[in-house]
Amino acid sequence: MLKLFIALGLMIPVYSFAADDADHVMMTPDQMKWVEAPPSLPKGAKVAVMYGDPGVAGPFGMRIQMPAKYMIPPHFHPQDENVTVISGNFWMATGDDAKAKMMKLPPGSFARMKAGTHHFARGEAAVVQINGMGPWGITYINPADDPRKSKDLTQR
């Protein structure tokens, strides 16, 4: 079932696999519905929401699929973020300097960023799972890095 959620004032299509009050969700990878990532993330990524609604208060789980050379510039979130690397090559670091050394997180790795922690990431054909409490949001340290502020309207 296609749902719409509001994240930072933008309508973003996502798929819900169970009623919001479901006691459980079970799905195989081929049942996940991948859609273009919200405009708050750099162009090229796809997302699949597995449970909940990232745009509203409450628990959610979603996966982000990143192409080669995908970079998420320094940013922070309003809520804690729990990241599990599912596949591919993924690197993360804390701080504001995207040129700083990053930690390689192979598949199976886990990272937890407390709300407000400045961090950045890079993916090479990676899939990561984010579990947290909504509403999910992202604030870029350098406003010029925010893809929502792009002058190229063909990006989204």
Side-chain angles (χ1 to χ4, degrees), residues 5 7-8 10 12-18 22-56 58-148 150 155-156:
F5 74 88
L8 303 172
L10 300 169
I12 303 160
V14 297
Y15 290 86
S16 175
F17 292 93
D23 291 330
H24 67 276
V25 174
M26 292 186 285
M27 70 181 71
T28 59
D30 62 315
Q31 293 173 316
M32 292 181 189
K33 304 294 184 196
W34 293 93
V35 297
E36 190 169 335
S40 57
L41 290 174
K43 186 177 178 180
K46 302 266 186 200
V47 298
V49 175
M50 299 174 301
Y51 67 90
D53 183 338
V56 300
F60 73 90
M62 69 176 171
R63 290 189 179 179
I64 301 175
Q65 182 181 70
M66 295 165 263
K69 299 181 182 178
Y70 190 79
M71 181 73 179
I72 303 173
H75 63 279
F76 63 91
H77 304 284
Q79 305 281 357
D80 293 356
E81 181 179 57
N82 300 293
V83 179
T84 303
V85 181
I86 303 298
S87 64
N89 297 310
F90 189 68
W91 291 263
M92 283 184 84
T94 57
D96 296 346
D97 181 4
K99 294 180 182 174
K101 183 174 180 170
M102 302 171 89
M103 180 177 178
K104 184 175 183 178
L105 299 170
S109 297
F110 175 79
R112 177 174 174 84
M113 296 293 160
K114 298 293 285 178
T117 300
H118 293 196
H119 61 286
F120 51 97
R122 184 180 64 173
E124 294 282 338
V127 174
V128 298
Q129 181 168 314
I130 298 175
N131 295 89
M133 295 295 287
W136 186 84
I138 184 168
T139 301
Y140 290 91
I141 305 306
N142 179 352
D145 289 336
D146 191 333
R148 293 166 289 201
S150 172
Q155 280 193 0
R156 299 279 171 166

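Just so it is clear, the values below take in all heavy atoms, side chains as well, and ignore hydrogens, waters and symmetry mates. Not measured: the values here are computed from a predicted model.
For the pair Asn131 (side chain) and Asn82 (backbone), a donor-acceptor distance under 3.5 Å is absent.
Among all heavy-atom pairs drawn from Pro107 and Ser87, the shortest one is CG-CA, 3.9 Å. The minimum heavy-atom distance linking Phe120 with Asp97 is given by the pair CZ-O, 3.0 Å. The two atoms that bring Ile64 and Trp34 nearest to each other are C-CZ3, 4.1 Å, heavy atoms only. Closest approach of Tyr51 to Pro59, counting heavy atoms only: CE1-C, 3.9 Å. Nearest heavy-atom pair across Ser40 and Pro147 is O-CG, 3.6 Å.
For Pro67, the side chain to side chain contact (heavy atoms under 4.5 Å, CB included) criterion is met by Tyr70, not counting sequence neighbours. Remark: Ala115 pairs with Asp80 by the side chain to side chain contact (heavy atoms under 4.5 Å, CB included) rule, at least two apart or across chains.
Met32 contributes atom CE, which lies 5.5 Å from atom CE of Met27 (distance to the nearest 0.5 angstrom). Note that CE of Met71 is 11.0 Å distant from CD of Glu124, once rounded to the nearest 0.5 Å. Rounding to the nearest 0.5 angstrom, the gap separating the CE atom in Met92 from the CZ atom in Phe90 is 5.0 Å. Taking CG of Asp146 as the start and CG of Leu41 as the end, the distance is 10.0 Å to the nearest 0.5 Å. A distance of 12.0 Å separates CG in Asp145 from CD1 in Ile72, rounded to the nearest 0.5 Å. Between atom CZ of residue Arg112 and atom OG1 of residue Thr84 there is a gap of 11.5 Å, rounded to the nearest 0.5 Å.
For the pairing with Leu105, the side chain to side chain contact (heavy atoms under 4.5 Å, CB included) check across Val128, Asn89, Val85 returns one residue only, Val85.
Side-chain N/O atoms of His119 and His75 include a donor and acceptor closer than 3.5 Å.
By the 4.5 Å heavy-atom criterion applied to side chains, Trp136 and His77 are counted as neighbours.
Relative ring orientation between His118 and Phe76 is described as parallel, the plane-to-plane angle staying below 30° on a 0-90° scale split at 30° and 60°.
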